[in-house]
Amino acid sequence: MQILDGKIASQSVKEQLAAEVHQLLAAGNRAPHLAAILVGSNGASETYVASKVKNCAEIGFESTLIRLNADVSEEELLNTIRQLNEDPKIDGILVQLPLPKHISEPKVIETISAEKDVDGFHPVSVGRLVQGLETFIPATPYGIMLMLEHYKIPTKGKHAVVIGRSNIVGRPMSVLLSSNHPYGNCTVTICHSHTPDLAAVCRQGDIIVAALGKPEFVTADMVKEGAIIIDVGITRVEDATAKKGFRIKGDVAFDQVSPKASYITPVPGGVGLMTIAGLMKNTLVAYKRTLQ
Ligand code: GUN
């Protein structure tokens, strides 16, 4: 069993990005600039956005964090996005999800200019992904593909079972793994809450991508010997003995599943770090288009 280490793989991507930014700056260009909007103060969202901002600084990107109160009106949020769309100094825009219930996420996503949609959630980006056209790939599935690439894990002809059909992970992941490219060409099954005998389906998977957000859902009996296990879960589970009062748990019961796996991503230290690498790559692409 080999651990797929997100720290090592994301560091490698970030070093490439930092080198490219260094060259662009040396040639007299401005730095790439990501704008992140955080509505309210959800603990997990705060952590993710802080990490995105920190990673921008590490590789030489500029970033702007816009904080809005949880009771901000939908119109005010949409207007903030429209201003960023018009701002030539901003290359990428992300609105951290989830949003408060009174705000329509689809409306927010559609208001972000497709040219600055570095999260890859805009219907134009999704449509292009499905058609195999160049696009912004949603950061988490993109990060997983970068992880497979870093460790040179062959995927062609394998049966990939994706658990979860979210727009953020499951659905785009299923498209990427089935696409015709070096780390695709899988036969893909996408499972969800209405899949009968999900364990039996999982046992057919040469690759399992667990992205349903249920801590330790995937147990050893659901996994074929030698499977490649990609754990996308990052749920905070209360634990009075932990320093912060919670522990981060993946969707895979790591201790029992890892002895059966050929490769497995840990949580934390796996896919989460790759998500940021994917976002940074998208931001650099958006920026480079403005130079042309
Ligand atoms: N919430 C959970 N994952 C993501 C992500 O990749 N992007 C944004 N904007 N929000 C998220």
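Counting starts at 1 for both ligands and their atoms, following the listed order. All values below come from the heavy atoms of this structure, side chains included, with hydrogens, waters and symmetry mates left out.
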Checklist entry - So K14 and E58, salt bridge (charged side-chain N to carboxylate O under 4.0 Å, His left out) or not? Walk me through it. => result CA-CA 8 Å; K14 279 160 52 182; E58 279 171 14; 3.2 Å; yes
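- Residues passing the side chain to side chain contact (heavy atoms under 4.5 Å, CB included) test with R171, sequence neighbours excluded: R165, N167.
- Protein residues having a heavy atom under 4.0 Å from any atom of ligand 1 are K52, L94, V95, Q96, L97, D119, F121, I168, listed by chain and number.
- Tested against H33 for a side-chain hydrogen bond (donor to acceptor under 3.5 Å, both in side chains), the candidates D91, T283, T64 yield a single pass: T64.
- By the 6.0 Å contact criterion, NE2 on H192 is enclosed, its count of non-hydrogen atoms from other residues, nucleotides or ligands being greater than 12.
- By the side chain to side chain contact (heavy atoms under 4.5 Å, CB included) test, R82 is found to be paired with E75, L78, N79, T111, residues two or more places apart in sequence or in another chain being considered.
- Remark: L129 pairs with T135, I137, P138, P172, V175, L176 by the side chain to side chain contact (heavy atoms under 4.5 Å, CB included) rule, at least two apart or across chains.
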